[in-house]
Structure formats: structure tokens, C-alpha cells
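Written below as C-alpha cells is the structure these notes are about.
Just so it is clear: chains get the letters A, B, ... in the order the sequence lines come, proteins before strands, and each one is counted from 1.
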Amino acid sequence: MSRPLVAIVGNPNAGKTSLFNSLTGSHQKVGNYPGVTVEKAEGVCRLESMTVDMVDVPGLYSMNPVSEDERVAARVVHGNLEGEQEPDLLVCVIDASALERNLFLFTQMAEVQRPTLVALTMVDRLESKGLSVDVPKLSNLLGTEVVVVEGHKSRGLEDLKQAIQRNLEEPKIPSEVAPLPTALEAKVSSLRESLQRSGMDVLRSEVRHTLLLTEPEFVATIAAYPSLNDEFRAARKELESLGIARPAVESKARYDWAEMVKRATIREEGPRTKSLTDRIDGVLTNRVFGFGVFVGVMYVVFLSIYTFSKPLMEWIDNGFGAISGWVEPKLAGVPMLQSMVVDGLIKGVGSVMVFLPQILILFFFIAVLEGTGYLARAAFLMDRLLGWCGLNGRAFIPLLSSFACAIPGIMAARVMPDQKSRLATILVAPLMSCSARLPVYLVIISTFIEPQFGALWAGVALFAMHLIGLVLAIPIIWFLNRKILKGRRLPFLLELPPYQWPRLKDIWMTMWFRGKVFVQTAGTIIVVMSIFIWAATYFPRLSPAAEAKIRATVPAEQADARVQYAQLEQSALGRFGKAIEPVFVPAGFDWRITTSILAAFPAREVVVPSMGIVFSLGKDVEGEDSKLHSALRKATWPDGRPLFTPWVGVGLMVFFALCCQCTSTLATIKRETNTWKWPTFVFVYMTILAYVFAVGIHQLARWLGKA
Amino acid sequence: MAAPITAMSHLKRGMHARIVAMRECPCELQRFAEMGLTEGVEFHVVKVAPFGDPVEIEVRGYRLCLRRKEASCFEVEVL
């Protein structure tokens, strides 16, 4: 027999997740609800004499969902989410400091008539305003047990655990509380009966919603039953004549009840003081200082991502190097397996794992900013700047993070509850110039721009490369929002929760979760891709005779490099590069550049090493290697024309700036959107964009006579 | 003297007002009522963001921020 399931439900910002973390500790796992992108956090909680499964349901404001998160949450409450166990007990988390709004949801949930227990949070916030709450009275009015808990201080946690066990043993169904207009409810009942007679078992709330709102989907369903359709129309007309046909009627009735409960249970006890939140907000969202603080905070966040991750990344890199060094001699007897494990598997996984520190640091800051309430303020400040092209204020974190690395950026897009804006943000995040593109820029700029045009233009070029993706993102978002992404955009509604200290445990859990999700993604798709690309450079093999010939003809110190070059030329990837060279000639790229680009599709970090190979220097070159600089300058087309001009260099940089050469990014988009459609879309549009721009630049240069 | 009726988007920082009606109520505005912006409720404007949009209000004990475009759908009576 499966364990009882307890679902933690409630408004966003009510302290749900904090409570969930306290109840389940580290016994958590995270996944997706089937078929949707909504994340599901499950855990196990040990009570006095039983163990229960617990699920942290996404926060919702109303049982009439507007986002995918809310749809899932409402279905969990109804117990009709496909493939999911029905919850045996709902723990409804109610924020005492925003009692009315939280009770609004409670009245809707009470209608479902499931065993419910109320966890009342943020009572301390109320007390700091000089107010107190009459818990027994509240419990009486709601018809459920009410337990006061402070996730922050772990106060009342044991009481809550006991109450959960008690309520599982003797369930309490809340009284159907909010009195809705009787005329409305009578119509809902009769319509529901008619629907049932036609074989449609629909919830009361759905009938009411349809009656008041003319839900298009449902209207289409009943269109097949003319008699039902007529009945609905007649009912609506009648309600209109009574002045209660508007959707706001339902909300109003529920809020009237919530107001009554609030008046009956909350008493003013002490003097009111100006809240700390007001004083902090006086500075943080101030017209003058607000942006200064915002820029400062973001600067600290991204500086930390850059600087703190560096040693950790080197450490991981060295760690994987050490593993390679340890494995390599052990497999010396089987060269193919050795190469597969060392150059394919370990290198591939290593190149992905180096992103882990960035992800952990970014999510540390996101957890802190979200936990304190600053994230909402920053969105408030930024909304005007991002709103006009169809994004909203919350998009700044994912977009800014993407300048460090698109992977945490894409993962951070989940701070946006609106599915459409979230998707738009995910789809443009890889256009932001990430830190892995930097080595390419540095090689090209230091080879072709700086020596000829000086440090000033070098700086301009580097800045321009970081700007181009951002500038192009704007029309792309505009286009996506109008043509590609379906679904209505939600009105921008943002709750600004009071400031509070974030809890270390919640921060730690966020980092742990994100890290785990990333490693799991990396552990599957990326291993496969690494081995695939390894095979494409490894096969077919250069014959031993050909290798011997090269070693006999070139000086010993160049021999390894020449052999690697010959192998790459001979390999499937090299042949493919040569075969599609004509495609890239309009951009001014020869087969060597083309092959470097192809080799960099799984991970753009490899482009500098692979340029090292194709320009016959061996794979151990670094970005600052002067040998690579001179090799690039000396490279020519077969007819003796120099291969690289500054314009070809710029074209190549722009290609790298715009192209999505990162398997990890695509795998992350797949993880976050739960479909291969969007990663494919990103890959295709960015590749086309990169190609078009590279060709455009080269053709422009030719037209100007500079090529 | 009757209190002046205006749109919520015309309110200035620090003003107290009561919602009188919702003009033209497209589906999306349903959510505002569910967030507590129902007829008769009192609120005050806490702050207007630096570029004049969005607006932060305090209603039913919590802080909500909405854009001017949507705020203009609410007819309010200044108190």
C-alpha cells in the first residue's frame, strides 16, 4: 500500500516552500509533472507514528488558473491530475498578514470538499504591526484545524506534524464557507444536473466559471448540445437581469466573506509603527537611488559569478584532467577505448561540469534575492525597460545571467510565472554573449584587430560582440510574441512581499536542486553527444603507413601536430567540413575554419583547440598563444590569397556570437520546456542568423573592396 | 461634495481611493478581482516606478504592482 499523500498548497509567497523544506528536510526529489513544464517537488515527512509522502504544489492565487503552474496546482487540489496520486490531505498555507487574499483561495478550495488543514504563517509579521489573531475563532469559521507555524523559526513545526497525523486519521472537511448569490448557485446546480444527464461530469466551479466568463473551450464543448447551449444562454440572460452575470460577482462574494472573517479574528493590540519594509523601500525603489542600488546589486552578483567561479572551474577542470591522467595509462592497451574515454567521455562531461560553480553561485543569489523580496522590487524597477517589447520586469535576471552562461540563465527563467514571457526569454537567452565565447573573440581581436587598429578598436570590437546578441534579441522577442508563441499574455501582476531574512536552509535547498537538475541533464544527453562528436573526429582512422610517412618527412617536434592535422582531415568531420566548404565560402571561411566551427557545435569552448589542430599546431594551444596568431595570419587560400582579413575575423566573431554552439544549452532548454521542439527551434534560428550575418559581413566587405 | 471619480492610473503617490467600478471587463481582468481588487475595496498608492510605470498599491493588507494600462480599467473614487 502506498503512503498517504499530503499536498502543501497556497498562495505564492505564503511560506509554502519554506514549510515544505522544514517538513521534509533533504528527503526531496524534483521532477516535472507529466507532459508539462511545471516542476514538481516531492519529499518524505516522518510523523510521530507514520511516514507520509509530501508534495510542494506550485503557488496559486485562484482555482481559476491563468498559468500552467496554477492549472497543475488546481488539478492537484481537485485530485484529477492524470498519473498523480490523489492527495489524502491538503495543508493549506495561509499568510496571516495578507489574510483576505489567502482566504479567497481557501473559499475556492473549500468547495472541493477535501480533507484540509490550515497552516497559518507570518503571524509574527502581523504582531510586529501591533495586531493579533484569534486562532480558535478562525478555526471555527473555517471549519478546519488551524496551526500557527513560522517556517522561518521552525516554530510550531512539531504541532503541525501532529496535526497532520491527526487529520489523516480523522479527516476534517472544511465547511462550504463563502455564500455566493443564491440565484447564481441555483442556476449552477441546475446546469450541472443537465450536464450530468448529458454524460458530462463537470465540477461546480467549472460550471460557474463557464456561466460567468464564457470560457471559449467549454463553449465549444457544449456547442454540440444545442439544448445545453440554450440553457446556458437563458441562465446567463436571467442572471444579467439580476445584475450578477459578471465574473467579479464571484470574487466579490468570496472577498466579502474573507473581510468578515478578518474583522472577526484580527484585533489591534499595540501601536502601529511604520513598517521596516516601507523604510527599506524608501531607498531600494527610490526614483534616484533605486537604479543605483539595482546596478550595484547586479554588479556584485555578476562579479561574484565571474570571480568566485573561476578557481572552482579551474579546480573542476584540473580534477577531470587528473581523472584523464589516471585513466589514460590504464587503457593504453586499447587505443580506441582510451581515446573514447579520455577525449570523448571525460572531456565531454568535464566541459559541462565546469559550469556547475556558475550555476550554484547564480542560484545562491537568486535564492537570496527572492527570499528577501528584492527580486520583486527589481522586477518593479525594470518592468518599464523590458515591458515594451513584450517581456516583463522579471526577465532581467535570466537575461543578465546569460552573459555569464546561458544555462543558468535559462534555468533562472522560471522566476517568471507567465509561460509566454518565460518561453520568449528562454528562446533569446542563448543569444546573449556568454563567457565561453570570449576566447574566440580574444584570439581574433588580438590577431587581426589590435595590431592593425589599436587597443581602442579592440575594446570597441569586444563590446560590440557582447552587444550584438542583445540588440538582435529585441526584434526577435517582438516577433516571437506576435507570431510564434501562442496563448494570451497575462496582465503583469506582481506581489511585492514584505522584506525578510532569507533562511539558509531554503537557499541551500535551491542551490542543491538546481545543481542536481543540471548534473542529471549533463549526465544523459551530453555524454551521448560527446561520444558522437568524438567518433566523428576519430573515424575513419589514418592508416599507420600514412602516419609513418608524415613522421618520416617532418621534423620530430612538429610530427604530432601534423599527424593530428592529417587525422582530422581524414576524419568524418574533416571530410564533412570539406564537403560543405562551398556553403561557407560566401562568408569567407575555408574548410579549416568550417571544420573548427563544426567541431565547436557540441561546445564552443573547443574552437580554439580545434583551430590549433586544423592550423597544424597541435591541440594544446591556448587563446593567448602567439603561434596560433602567426599561423592564422599566414594561412592562405590555395591560390595564395590570405585567408583572414580583419573582415573575415569580424565575420567569424559574429558567427560565434550568434550561433548556438552548445549542447548543454540545448539540453537545458529541452529540460526546461519539456519538448525537443524549442531546442530545435533555437538551434535552427540561431544557426541561420549566424550564417546570414557572417555572409552579410563578408559580402559587405567585398562590396567595399576590403576583402 | 461628491468625491471625484477618476481612473486608477491617474492617482498620485500617497493617494487613498476606493474602487467604484471596473470598466469594460475583458477576461484577463478577472484576475485582478481575484487578487482582491473588487468593487468597494479601499487602497492607497504606495509608489510609482521611476519611469511612471508600473504602480504599486497597498490593498487588503498586501502590496500589489500593476501596469498603468490595466490600472486605467478601474474607476475609483478618491478619498
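- Both the backbone and the side chain of B:V48 come within contact range of chain A, with heavy atoms under 4.5 Å apart.
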Kindly determine whether B:F51 and A:F291 satisfy ring-ring contact (aromatic ring centres under 6.0 Å, His included), including the steps that lead there.
CA-CA 11 Å; B:F51 294 107; A:F291 278 103; 5.5 Å; yes
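- Taking chain B as the reference chain and counting heavy-atom pairs below 4.5 Å, the highest number among A:A98, A:A376, A:S62 is found for A:S62.
- Checking each of B:R68, B:E70, B:K12 against B:V55 for a side chain to side chain contact (heavy atoms under 4.5 Å, CB included) leaves exactly one that passes, namely B:R68.
- Relative to the six-membered ring of A:Y499, A:R279 misses at least one condition, a distance below 6.0 Å or an angle of at most 45° to the axis.
- In this structure, chain B has heavy atoms under 4.5 Å from both the backbone and the side chain of A:T285.
- Interface residue A:D281: backbone and side-chain heavy atoms are both found under 4.5 Å from chain B.
- The contact between A:Y255 and chain B is made by backbone and side chain atoms together, counting heavy-atom distances below 4.5 Å.
- A donor-acceptor pair under 3.5 Å is formed between the side chain of A:T121 and the backbone N or O of A:I94.
- Taken to the nearest 0.5 Å, the CE atom of B:M35 stands 12.0 Å off from the CZ atom of B:R60.
- Most heavy-atom pairs under 4.5 Å with chain A, from the set B:A49, B:G61, B:G52: that is B:A49.
- Although no hydrogens or angles enter the test, the distance criterion places a donor-acceptor pair under 3.5 Å between the side chain of A:N286 and the main chain of A:G282.
- Neither the backbone nor the side chain of A:D95 comes within less than 4.5 Å of any heavy atom of chain B.
- Heavy-atom distances place no part of A:L105 under 4.5 Å from chain B, backbone and side chain included.
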